[in-house]
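Take a look at the structure set out below.
We count residues from 1, following the sequence as given. In each ligand, atom 1 is the first atom listed, and ligand 1 is the first ligand listed. Any value given below was found using the heavy atoms of this structure, including those in side chains, with hydrogens, waters and symmetry copies removed.
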Amino acid sequence: MRFAYLGSGSKGNALIVEAGDTRVLLDCGLPLVEVDARLARLGLMASDLTAIVVTHEHGDHIGGVAKLARRNKLPVWLTAGTRAAWKAAPDEWVRTLSPHRPITIGALEIVPYPVPHDAREPCQYVFGHASKRVGVLTDAGSVTPYMRESLTGLDALLLEFNHDRQMLLNGPYPAFLKSRVAGPKGHLSNAQAAELLGSLDISRLQHLVLTHLSETNNTPEHALAAASEVLGAQPDWLVCAHQDAGLDWRHVN
Ligand SMILES: [Zn+2]
Ligand SMILES: [Zn+2]
């Protein structure tokens, strides 16, 4: 099992998770031309994809999904709420899932879990293959006990470190946007993500990827420092995913 990011951040997210011949794209907030170029740098073409799974209807996650699904005839899995909120849904390709019930796509078992975020019915996912599990959490304003339960004991964790609270408060965003981002249905701050990390069983963790960093209200240095403090070190398996560069393949052994 392995994974890579095409991009991560408020200008567009897309993660690819692969097990055997199964390749699932989680979210696609990038234009087709970027999807093709960034897949190529990972040694893939869009025709190698099996399906698209979507977390929620915000443009940085769904902006490129309809065109990609139609062009490559890809099923798109999402909650009924996300579908209802998505005006441009390519209905013939949409498959709805329950945020409480796992789905199987090829060699991947995908376990959704609901998160608090200002979207209609947002959820995040844990990808499983054989005995290995890769968990994803972005776009959540707060952490529920069920989220902790879903993310404990993983082999890889791809976790939102969206903003440094002080940078957000002192930064250029208008007041309403600062409250939205910092609010209970906004995004995880470095401190919130670090607190969550500290509460999890991370004894099996092979990769910790810091994702969805704000380019305005955070720096990789701030995010890495917050995560390192919890780990007590800055191991080489702790990395940031970038907006444009994404993240090269990481293998889960
Ligand atoms: Zn987002
Ligand atoms: Zn969002």
Practice task
Answer yes or no: is there an ion pair linking D91 with R83, defined by an N-O contact shorter than 4.0 Å?
Solution key: yes

Practice task
In sequence, state the C-alpha distance, the side-chain angles, and the governing distance for D36 and R71, and then conclude on salt bridge (charged side-chain N to carboxylate O under 4.0 Å, His left out).
Solution key: CA-CA 12 Å; D36 290 338; R71 187 191 68 180; 2.8 Å; yes

Handout entry: For H129, all residues meeting ring pair (Phe, Tyr, Trp, His ring centres under 6.0 Å), sequence neighbours excluded
Key = none

Exercise for the section: Take the Zn ion (ligand 2) and tell me which protein N, O or S atoms are nearer than 2.8 Å. Expected result: H56 NE2, H58 ND1, H117 NE2, D139 OD2

Problem - Aromatic ring proximity, centroids under 6.0 angstrom, H187 and H163 - result: no

Handout entry: H222 and F161 aromatic centres sub-6.0 Å
Key = no

Problem - Check ion pair E34-K11 (N to O, under 4.0 angstrom) - result: no

